[in-house]
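Structure first, then comments.
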Amino acid sequence: MWTMTTSRTSSLRRTPARAVARLGELFDGYLDPHRPHAGAYDEMFGDDSSVRSAYRALYESIAPSRVAELTARAEALDRAFVDQGITFSLSGQERPFPLDLIPRVITASEWAKLERGIVQRVRALEMFLADIYGDAQIVRDGVLPRRLITSCEHFHREAARVNPPNGVRIHVAGVDLVRDEAGVFRVLEDNLRCPSGVSYVMENRRTMARVFPDLFARHRVRSVGDYAVHLLRSLRNAAAPNVADPNVVVLTPGVANSAYFEHSLLARQMGVELVEGRDLFCRDNVVYLRTTEGERQVDVIYRRIDDDFLDPVQFRPDSVLGVAGLINAARAGNVVIANAVGNGVADDKLVYTYLPEIVQYYLGEKPLLPNVDTFRCWLPEERAHVLDHLDELVVKPVEGSGGYGIVFGPQASPRELTSLKRRIRGNPRGWIAQPVVQLSTVPTKVGDRLVPRHVDLRPFAVNDGNFIFVLPGGLTRVALPEGSLVVNSSQGGGSKDTWVLAPRSSTVDRELAEPGLVERSTMDSPAAEQGPELTVSQQQQQQQQQSGRDA
């Protein structure tokens with residue numbers, strides 16, 4: 001166990017700066033002023049090398065640990081993930097999803113502010129989507145330019161006037177946050193189509209609680225295990241009001257998709273069918289599920305397939321992943337698609353820059369969570385600034401995802417910058433630029449030491465039409481290569497368990513409060529199920545899906 005004597009604990013509390021100096025082998029050189037991005041905000045240590053209050057108990061637990069003990073614990077985490085089939089593909093090789101053994105800690109007061117900001121953002125974006133696919137009053141009032149919307153790749157006219165019964169289009173939102181040099185949380189981007197990664201949040205916690213029960217015994221950590229309950233309530237509430245017992249299914253591209261484990265896990269936890277496009281069909285604008293007992297009408301589809309593959313009648317005619325006629329069935333009010341088709345217009349990286357105006361227009365409020373400062377290359381003055389300062393900025397393709405296509409100006413060669421200038425001039429709508437944000441750092445085990453590594457955070461919000469639930473914590477992603485600011489797993493990133501501390505007076509559920517959590521069988525978290533053999537066409541389309549939304 002990670003323990004500490006009373007005398008040493010009291011000494012640490014009295015002299016936190018000297019405690020850092022005594023860390024020895026674990027934290028050796030952690031606060032080296034010459035480390036990459038030394039100006040980043042470190043979440044465990046303050047500028048004076050003292051331990052921040054949120055991390056004090058955690059620090060006191062790990063400080064006396066030996067390298068061999070931490071290595072053994074890290075290996076136990078990897079074995080647990082492999083045993084449960086929680087792997088991902090990197091460079092063609094299946095490997096356990098990298099889970100670092102040092103959790104990220106967020107205080108109750110910090111989380112309360114983040115929660116309010118996320119709820120505000122989801123409310124405003126819901127109103128924006130309803131307006132854009134309806135009367136587009138925000139455009140008529142001149143708040144947003146019409147061409148901003150019509151030029152968006154993910155604005156689908158096919159979704160116009162498709163009005164969900166309870167008005168919810170964003171059933172699940174993933175809001176990517178970063179913490180800047182001043183310690184301020186900022187929104188990096190919104191994910192409103194098929195946000196992925198919540199399975200890692202739940203499995204990270206389950207595995208950590210089993211491998212490190214002693215850590216949870218010393219902290220009041222809010223639980224994340226009830227996510228599927230909130231998701232199922234949201235999906236059932238989305239059904240037409242005349243449906244007494246909605247039939248909900250999870251629509252997956254299949255076993256070749258990188259997020260299939262998540263699809264399987266959520267379907268199992270909600271107790272609903274996990275289906276592929278070939279399991280469904282439409283007749284007279286009604287969707288049916290083929291079963292061994294005959295046809296069953298489907299009322300709500302939680303789809304994990306991108307819009308372009310969802311309905312070959314409306315979108316890609318060569319798609320074998322979706323269901324022909326699905327959009328017409330949704331338009332007729334006979335089925336609800338969650339998340340709604342066309343949500344991508346609201347998480348477009350250029351539309352993102354107008355979020356302050358959107359929040360003000362619909363809610364009459366200022367955003368509680370600021371954006372990262374962003375230059376819009378489609379505006380001549382801002383484009384000129386970007387072209388003049390390319391070597392100082394991070395330039396991103398508006399339609400990019402998974403960390404692909406990003407150019408870090410300070411690290412780019414003259415040839416790369418020249419090529420980038422040409423691409424920006426050729427397609428100004430396709431690029432944005434941001435100052436280099438020194439993402440906050442958290443201690444991470446690399447080799448036999450704990451070193452600072454940059455992190456972001458993706459909280460998940462679930463909207464049931466009456467209440468927006470924000471899962472306490474979310475997915476913390478870690479840029480594992482030294483100095484890297486790219487946290488995506490496709491670029492070699494990993495993850496951390498994210499602890500939201502409960503207030504001392506709180507009665508909310510916390511981890512290990514329920515007897516037997518640590519001893520639960522891994523059967524509660526099944527490995528990815530094996531499906532039937534796929535055709536070459538299906539395999540190709542599923543591989544295209546993998547690049548759509550990287551966790």
Side-chain angles (χ1 to χ4, degrees), residues 35-40 90-91 148 151-154 174 176-181 186-191 193 344 347-355 370-441 453-458 477-494 544 546-551:
R35 68 189 185 278
H37 308 302
L90 180 63
S91 301
L148 171 68
S151 63
C152 177
E153 179 180 339
H154 300 289
D176 289 353
L177 304 171
V178 297
R179 203 166 194 167
D180 65 16
E181 298 88 339
R186 295 179 177 271
V187 178
L188 185 63
E189 65 179 46
D190 304 286
N191 299 276
R193 284 170 272 174
D347 64 19
D348 178 89
K349 288 186 176 65
L350 187 56
V351 173
Y352 152 91
T353 66
Y354 291 87
L355 251 294
N371 282 359
V372 173
D373 294 337
T374 306
F375 299 100
R376 297 167 280 205
C377 292
W378 82 326
L379 299 179
E381 290 185 3
E382 296 188 21
R383 180 170 66 250
H385 176 83
V386 170
L387 294 175
D388 288 341
H389 297 83
L390 272 186
D391 59 345
E392 304 170 10
L393 301 170
V394 179
V395 184
K396 301 179 180 180
V398 167
E399 302 300 340
S401 62
Y404 295 103
I406 297 177
V407 178
F408 287 86
Q411 302 172 10
S413 67
R415 174 178 289 184
E416 289 173 324
L417 294 177
T418 299
S419 174
L420 182 58
K421 283 185 178 181
R422 185 168 56 251
R423 284 182 285 168
I424 291 174
R425 290 191 179 105
N427 179 24
R429 170 64 170 83
W431 298 90
I432 60 170
Q434 297 169 333
V436 178
V437 178
Q438 305 294 347
L439 310 185
S440 61
T441 57
R453 287 295 184 263
H454 298 287
V455 296
D456 77 348
L457 177 65
R458 177 179 290 182
R477 300 181 295 182
V478 190
L480 293 177
E482 185 177 17
S484 174
L485 297 172
V486 181
V487 299
N488 305 81
S489 60
S490 59
Q491 307 294 307
Q544 287 180 271
Q546 289 189 36
S547 63
R549 275 292 185 228
D550 173 61

Query raised in the report: Is there a donor-acceptor pair closer than 3.5 Å between any side-chain N or O of Gln438 and the backbone N or O of Glu181?
Result: no
Query raised in the report: Do any N or O atoms from the side chain of His454 and from the backbone of Leu485 form a donor-acceptor pair under 3.5 angstrom?
Result: no
Query raised in the report: Do the side chain of Asp176 and the main chain of Asp456 share a donor and acceptor less than 3.5 angstrom apart?
Result: no
**Report entry** Minimum heavy-atom distance between Asp190 and Asp347, given as atom pair plus value
**Finding:** O-CB, 2.9 Å
Query raised in the report: Sub-3.5 Å donor-acceptor pair from the side chain of Tyr352 to the main-chain atoms of Val187, do we have one?
Result: yes
Query - Atom pair CH2/NZ of Trp431 and Lys349 - distance to nearest 0.5 Å - result: 11.0 Å
**Report entry** Distance (rounded to the nearest 0.5 Å) between Arg429 CZ and Asp348 CG
**Finding:** 4.5 Å
Query raised in the report: Pro36 and Gly483: which non-hydrogen atoms are nearest, and at how many Å?
Result: CB-CA, 3.8 Å
**Report entry** Heavy-atom pair with the smallest gap, counting every atom of Cys152 and Gly344
**Finding:** SG-O, 4.3 Å
Query raised in the report: Quick one: does Ser440's side chain get under 4.5 Å of Val178's, heavy atoms only?
Result: no
Report summary line: So CG of Leu355 and OG1 of Thr374: to nearest 0.5 Å the spacing works out to 10.5 Å
**Report entry** Nearest-0.5 Å distance, NZ of residue Lys421 to CG of residue Leu390
**Finding:** 6.0 Å
Query - Least distance between heavy atoms, Leu350 atom then Arg376 atom - result: CD1-CG, 3.6 Å
Query raised in the report: Do His154 and Glu399 get their side chains close enough for a donor-acceptor pair, meaning under 3.5 Å?
Result: yes
Report task. Start with the C-alpha gap between Asn191 and Glu189, add the side-chain angles, then the distance that decides, and say whether side-chain contact (heavy atoms from CB on, under 4.5 Å) holds. Result -> CA-CA 7 Å; Asn191 299 276; Glu189 65 179 46; 3.4 Å; yes
Query raised in the report: Between atom CG of Leu387 and atom CZ of Arg422, what is the distance when rounded to the nearest 0.5 Å?
Result: 12.5 Å
**Report entry** Heavy-atom check, side chain of Leu188 versus side chain of Gln434, under 4.5 Å
**Finding:** yes
Requested in this report: With rounding to the nearest 0.5 Å, note down the distance linking OG1 in Thr441 to CZ in Arg35.
Outcome: 6.0 Å
Query raised in the report: At their closest point, which heavy atom of Ala479 faces which heavy atom of Val486, and how far apart are they?
Result: CB-O, 3.4 Å
**Report entry** Atom of Pro410, atom of Leu393 and distance for their closest heavy-atom approach
**Finding:** CD-O, 3.8 Å
Requested in this report: Taking the side chain as every heavy atom from C-beta outward, state whether Val437 and Arg186 have any pair of such atoms under 4.5 Å apart.
Outcome: no
**Report entry** Any donor-acceptor pair under 3.5 Å from Thr418 side chain to Pro414 backbone
**Finding:** yes
